[in-house]
Amino acid sequence: MSTRPLPPARANALAAKLDIGLDIGIRHACLSLVCLALDGGNASEITGRLCQMTPILWDEGLAHPALVSVREVCDLGVPDAAAALTRRTRIELRIESIARDRLLLAPPELN
């Protein structure tokens with residue numbers, strides 16, 4: 001799988017398939033800064049806001065629901081969903097799938 005970013009049109013098509021609501025605990029004020037830049041339509045302002053706010057939104061609670069949603073659409077075979085998962089996430093999912101069957105073999109106090 002490639003680690004290159006998806007072209008904008010493909011990324012937008014994938015994002016439209018994700019099921020992420022606004023009730024996930026992120027601050028709407030932070031999200032509104034991104035929305036205002038999007039509404040303005042200035043590409044450099046949008047990029048700047050996204051670079052500024054994405055790590056904050058991710059840390060505030062967007063990470064988990066976003067990854068869950070991408071994993072769900074990946075399981076459904078949605079185009080580009082697998083590419084959207086980071087290399088680290090793909091490795092973590094592989095480790096989890098290998099370890100899941102072996103958890104029953106470990107003593108309960110180690111689980």
Side-chain angles (χ1 to χ4, degrees):
M1 267 180 225
S2 174
T3 56
R4 287 191 201 160
L6 292 174
R10 289 171 50 194
N12 290 339
L14 174 60
K17 302 273 187 194
L18 301 179
D19 183 23
I20 303 172
L22 293 176
D23 58 345
I24 57 173
I26 60 173
R27 285 183 276 172
H28 292 175
C30 292
L31 188 58
S32 70
L33 294 173
V34 175
C35 292
L36 287 171
L38 289 169
D39 288 344
N42 179 305
S44 63
E45 183 182 344
I46 293 168
T47 300
R49 244 350 140 194
L50 286 171
C51 289
Q52 176 190 23
M53 299 310 298
T54 298
I56 295 168
L57 292 167
W58 199 253
D59 288 343
E60 284 186 350
L62 180 59
H64 179 71
L67 289 173
V68 167
S69 188
V70 172
R71 288 178 185 136
E72 288 171 354
V73 297
C74 188
D75 290 344
L76 295 173
V78 170
D80 295 318
L85 291 174
T86 64
R87 181 172 185 255
R88 178 178 172 195
T89 302
R90 290 191 302 266
I91 291 169
E92 288 171 358
L93 289 172
R94 175 86 173 116
I95 291 169
E96 181 183 328
S97 71
I98 291 169
R100 187 175 294 120
D101 295 334
R102 298 177 185 174
L103 284 175
L104 297 175
L105 303 174
E109 65 272 10
L110 297 179
N111 286 327

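The structure presented is a predicted model; accordingly, all values stated were derived computationally and were not measured.
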Shortest non-hydrogen contact between [X] and [Y], atoms and distance:
X: Asn42; Y: Ser44; result: OD1-OG, 2.8 Å
X: Val34; Y: Met53; result: CG2-CB, 3.7 Å
X: Val73; Y: Ala81; result: CG2-CB, 3.7 Å
X: Leu14; Y: Val78; result: CD1-CG1, 3.9 Å
X: Ile56; Y: Arg27; result: CG2-NH2, 4.2 Å
X: Asp80; Y: Arg10; result: OD1-NH2, 2.6 Å

Linking I/L/V/M/F/W/Y whenever their side-chain heavy atoms sit closer than 4.5 Å, directly or via other members, would [X] and [Y] fall into one cluster?
X: Ile20; Y: Val68; result: no
X: Leu6; Y: Leu38; result: yes
X: Leu36; Y: Leu22; result: no

Once you round to the nearest 0.5 Å, how far does [atom1] of [X] lie from [atom2] of [Y]?
X: Leu76; Y: Arg71; atom1: CG; atom2: CZ; result: 14.5 Å
X: Leu31; Y: Ile26; atom1: CG; atom2: CD1; result: 4.5 Å
X: His28; Y: Cys35; atom1: NE2; atom2: SG; result: 10.0 Å
X: Leu62; Y: Cys30; atom1: CG; atom2: SG; result: 11.5 Å

Those residues that, when tested against Glu45, pass side chain to side chain donor-acceptor pair (under 3.5 Å) (two or more places apart): none
- prompt: Do the side chain of Ser69 and the main chain of Leu18 share a donor and acceptor less than 3.5 angstrom apart?
  reply: no
field: Close side-chain approach of Trp58 to Leu67, heavy-atom, < 4.5 Å
entry: yes
query: According to the salt bridge (Lys or Arg N to Asp or Glu O under 4.0 Å) rule, which pairs have a member within residues 35-44, sequence neighbours left out?
result: none
query: For Asp59, does the CG atom have more than 12 heavy-atom neighbours from other residues, nucleotides or ligands under 6.0 Å away?
result: yes
